[in-house]
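The structure presented is a predicted model; accordingly, all values stated were derived computationally and were not measured. Atom set for the values below is all heavy atoms of this structure, side chains included, hydrogens, waters and symmetry mates excluded.
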Amino acid sequence: MLRRATSALLSGVSRRRFSTDVPATPSVDSSFVEAWKKVSPNLDPPKTPLSFMKERPQTPSTLPTKLTVNFVLPYASQLSAKEVDMVIVPATTGQMGVLPGHVATIAELKPGVLSVHEGNDVTKYFVSSGFAFIHANSVADIVAVEAVPLDRIDANLVQKGLQDFTQKLNSASTDLEKAEAQIGVDVHSALNSALTG
């Protein structure tokens with residue numbers, strides 16, 4: 001009885017729209033266009049970010065077998081629409097494994113290892129910080145400030161950097177010097193853990 005009542009109430013309700021949903025035809029703010037034409041009649045109005053976005057695919061009704069990963073840095077794209085089995089991201093709340101069908105989530109990244117699992121192959125990157133956006137349609141967008149493949153990191157330089165920043169932290173006299181040294185210690189400690197663990 002309750003199930004029928006709920007379905008009857010919801011049958012007329014359309015699907016909840018998300019902020020990432022893009023309309024099929026971009027909407028134009030006519031008041032903005034009119035104001036723009038008054039100020040700059042010879043120039044076309046600028047396009048908004050919404051006009052450059054592609055329509056997001058619908059959330060699948062069945063669980064997908066692969067996770068689509070986009071991993072970008074400010075200066076390069078590491079992975080673009082790569083289909084993988086799993087990604088493990090170093091979130092500030094702890095290591096977060098992302099599989100196909102993961103609930104939509106936004107996670108802040110801390111310095112640590114991001115691992116991309118594809119079959120038996122595992123590719124590991126050290127990321128300094130950033131964000132992971134997990135979408136309901138099994139797409140993960142990972143944006144990092146800096147990332148380096150783990151096999152390209154020199155363990156000796158990491159040890160030297162950790163010693164240098166620890167010394168700077170101990171001799172820091174101002175709050176700014178302490179904060180900068182603490183960031184250096186945190187990053188080099190995470191690098192050291194990534195290489196040894």
Self-check item: Residue pairs passing the salt bridge (Lys or Arg N to Asp or Glu O under 4.0 Å) test where at least one lies in residues 69-80, sequence neighbours excluded
Solution: none
Practice problem: Keeping to residues at least two apart or across chains, list the salt bridge (Lys or Arg N to Asp or Glu O under 4.0 Å) pairs with something in residues 81-110. | Solution: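 For residues 81-110: Lys66-Asp85, Lys82-Glu118.
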Donor-acceptor list for residues 175-190 side chains, cut-off 3.5 Å, not counting sequence neighbours:
residue	atom	partner	partner atom	Å
Glu177	OE1	Ser173	N	2.9
Glu177	OE1	Ser173	OG	3.1
Glu177	OE1	Thr174	N	3.4
Gln182	NE2	Asp186	OD1	2.8
His188	ND1	Gly184	O	2.9
Ser189	OG	Val185	O	2.7

Determine all donor-acceptor pairs shorter than 3.5 Å in which one atom belongs to a side chain in residues 154-165; sequence neighbours excluded.
residue	atom	partner	partner atom	Å
Asp154	OD1	Asn156	N	3.1
Gln159	NE2	Asn192	OD1	2.7
Lys160	NZ	Asp164	OD2	3.1

Practice problem: Can you see which heavy atom on Gly101 is nearest to which on Leu63, and at what distance? | Solution: CA-CD1, 3.3 Å
Quiz prompt | Exercise: identify the closest heavy-atom pair between Ala104 and Ala136 | solution =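 Smallest interatomic distance, heavy atoms only, reads CB-N, 4.0 Å.
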Supply the members, apart from [X], of the Ile/Leu/Val/Met/Phe/Trp/Tyr cluster built from side-chain contacts under 4.5 Å; use none for a lone residue.
| X | value |
| --- | --- |
| Phe131 | Val72, Ile106, Phe133, Val143 |
| Ile134 | Leu67, Val69, Phe71, Leu73, Tyr75, Leu79, Val84, Val87, Val89, Met96, Val98, Leu109, Leu114, Val116, Tyr125, Val127, Ile142 |
| Ile88 | Met86, Leu99 |

Quiz item: Judged by atom type as modelled, is there a donor-acceptor pair below 3.5 Å linking the side chain of Asp121 to the main-chain atoms of His117?
Solution: no
Quiz item: In chain order, what residues pass the side chain to side chain donor-acceptor pair (under 3.5 Å) check against Gln95, with sequence neighbours excluded?
Solution: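 Once residues adjacent in sequence are excluded, Gln95 has no partner under the side chain to side chain donor-acceptor pair (under 3.5 Å) criterion.
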Exercise. Nearest 0.5 Å please: distance from the OG1 atom of Thr123 over to the CG atom of Leu150.
Key: 11.0 Å
Do the non-hydrogen side-chain atoms of [X] and [Y] ever get within less than 4.5 Å of each other?
| X | Y | answer |
| --- | --- | --- |
| Pro64 | Ser138 | yes |
| Pro46 | Phe32 | yes |
| Pro41 | Trp36 | no |

Self-check item: Listed partners of Ala76 passing side chain to side chain contact (heavy atoms under 4.5 Å, CB included), at least two apart
Solution: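 Once residues adjacent in sequence are excluded, Ala76 has no partner under the side chain to side chain contact (heavy atoms under 4.5 Å, CB included) criterion.
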Quiz prompt | With Ser193 via side chain to side chain contact (heavy atoms under 4.5 Å, CB included) - residues at least two apart | solution = none
Quiz item: What ring pair (Phe, Tyr, Trp, His ring centres under 6.0 Å) pairs are there with at least one residue in residues 78-116, not counting sequence neighbours?
Solution: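 Output for this query is empty, none listed.
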